[in-house]
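As structure tokens, the structure follows; a few thoughts come after it.
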Amino acid sequence: DQQVKQNSPSLSVQEGRISILNCDYTNSMFDYFLWYKKYPAEGPTFLISISSIKDKNEDGRFTVFLNKSAKHLSLHIVPSQPGDSAVYFCAASANNAGNMLTFGGGTRLMVKP
Amino acid sequence: GAGVSQSPRYKVAKRGQDVALRCDPISGHVSLFWYQQALGQGPEFLTYFQNEAQLDKSGLPSDRFFAERPEGSVSTLKIQRTQQEDSAVYLCASGREGNEQFFGPGTRLTVL
């Protein structure tokens with residue numbers, strides 16, 4: 001039973017436009033959410049995070065939105081750049097779980113020039 | 001500043017062989033995690049150390065999997081009598097406190 005789901009395996013966006021990646025979770029104990037970016041043959045790289053006490057966190061071109069009632073979060077990238085092309089993983093943790101992360105299956109983003 | 005390093009980067013084993021995968025965390029990071037990533041999927045938690053103490057090993061798929069971190073720094077993940085279903089990328093991550101984990105490049109294990 002997947003506790004974190006990314007329902008879109010891939011997304012293609014034109015350079016300069018907005019990329020929106022979505023993530024749903026089922027475990028109400030999750031209180032911290034993260035987005036990681038992964039290039040081929042490299043480990044995941046931390047991108048941005050959000051605590052459950054907030055509904056938005058922004059860092060440059062990246063913004064994460066959290067809707068706790070819907071158990072849904074999204075990552076907005078604007079403007080999208082070709083270098084953003086990678087696999088994006090949503091992850092969640094609950095403080096009583098030693099900060100182990102539960103990951104979604106990933107969404108491959110392709111930004112076309 | 002060195003990040004998390006893992007060795008070997010690639011490992012090919014014959015079914016039934018034992019393998020040992022090494023993780024060098026970022027200096028000073030007390031938390032260390034191992035994850036398994038199958039092809040086309042997200043990483044899945046295997047086990048967690050705080051310093052030398054293994055606090056959670058609930059994700060280890062079988063008793064063929066064993067992890068240690070004897071001095072609270074370098075960690076080794078050992079897989080005995082490897083099976084084809086063990087083929088995956090094994091990721092190590094370390095952290096100081098809070099929830100941000102820094103990942104190594106992973107070891108790609110292929111069991112023939």
Side-chain angles (χ1 to χ4, degrees), chain A residues 1-10 21-25 27 29-54 57 59 64 66 73 86-108, chain B residues 2-10 21 23-26 29-51 53-60 67 69 88-110:
Chain A
D1 180 31
Q2 265 192 305
Q3 298 186 61
V4 179
K5 285 186 181 177
Q6 295 175 254
N7 290 317
S8 298
S10 65
L21 296 95
N22 293 301
C23 178
D24 297 290
Y25 63 97
N27 189 340
M29 297 300 293
F30 288 146
D31 58 4
Y32 198 78
F33 305 89
L34 308 90
W35 285 93
Y36 282 84
K37 175 180 177 179
K38 187 179 183 306
Y39 292 117
E42 294 183 13
T45 303
F46 171 75
L47 201 55
I48 192 169
S49 63
I50 188 167
S51 164
S52 61
I53 61 173
K54 294 185 174 181
N57 188 26
D59 183 2
V64 56
L66 175 62
L73 64 155
V87 177
Y88 289 78
F89 290 99
C90 166
S93 73
N95 272 337
N96 64 352
N99 297 344
M100 59 165 277
L101 297 177
T102 302
F103 284 85
T107 296
R108 180 177 300 277
Chain B
V4 178
S5 61
Q6 293 185 244
S7 61
R9 291 293 313 275
Y10 302 91
L21 313 180
C23 172
D24 284 82
I26 294 172
H29 281 189
V30 299
S31 300
L32 187 146
F33 300 81
W34 284 98
Y35 293 86
Q36 180 191 59
Q37 185 177 15
L39 190 64
Q41 298 181 23
E44 291 192 359
F45 170 78
L46 293 177
T47 187
Y48 159 59
F49 290 86
Q50 190 165 53
N51 296 306
Q54 189 175 21
L55 299 186
D56 188 345
K57 53 181 181 179
S58 61
L60 296 176
R69 194 187 185 197
V89 174
Y90 290 86
L91 293 163
C92 175
S94 71
R96 186 176 292 113
E97 60 182 78
N99 292 289
E100 184 179 330
Q101 295 177 24
F102 296 87
F103 283 81
T107 295
R108 179 177 295 279
L109 173 66
T110 303

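The sequence lines fix the lettering, A, B, ..., with proteins before strands; numbering per chain opens at 1. Predicted, not measured: the structure shown is a model, and the values here were computed from it.
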### Query
Taking atom types as modelled and ignoring hydrogens, do the side chains of Tyr35(B) and Gln101(B) form a donor-acceptor contact shorter than 3.5 angstrom?
yes
### Query
Ignoring hydrogens and geometry, is there a side-chain-to-backbone donor-acceptor pair from Thr107(B) to Leu21(B) under 3.5 Å?
no
### Task
Answer whether the closest heavy-atom distance between the side chains of Leu101(A) and Tyr36(A) falls below 4.5 Å.
yes
### Task
Tell me, for Arg9(B) versus chain A, whether the close heavy atoms (under 4.5 Å) come from the side chain, the backbone, both or neither.
side chain
### Message
If you count heavy-atom pairs within less than 4.5 Å of chain B, which of Gly105(A), Ala91(A), Gly106(A), Ser51(A) leads?
### Response
Gly105(A)
### Query
Picking from Gly40(B), Pro43(B), Gly106(B), which has the most non-hydrogen pairs under 4.5 angstrom with chain A?
Pro43(B)
### Message
Under 4.5 Å from any heavy atom of chain B, what part of Ala41(A) do you find: side chain, backbone, both or neither?
### Response
both
### Query
Under 4.5 Å between any side-chain heavy atoms of Gln6(A) and Phe89(A), yes or no?
yes
### Summary
Turns out that what part of Tyr10(B) lies under 4.5 Å from chain A's heavy atoms comes down to side chain
### Task
Flag the pair Phe103(B) / Phe46(A) as yes when their ring centroid distance falls below 6.0 Å, and as no otherwise.
no
### Message
Given 3.5 Å as the limit, does a donor-acceptor pair link the side chain of Asn51(B) with the main chain of Ala53(B), or not?
### Response
no
## Note on the structure
In terms of heavy-atom pairs under 4.5 Å with chain A, the winner among Gln50(B), Gln37(B), Arg108(B), Gln6(B) is Gln37(B)
### Side chain / backbone / both / neither for Leu91(B) at chain A, heavy atoms under 4.5 Å
side chain
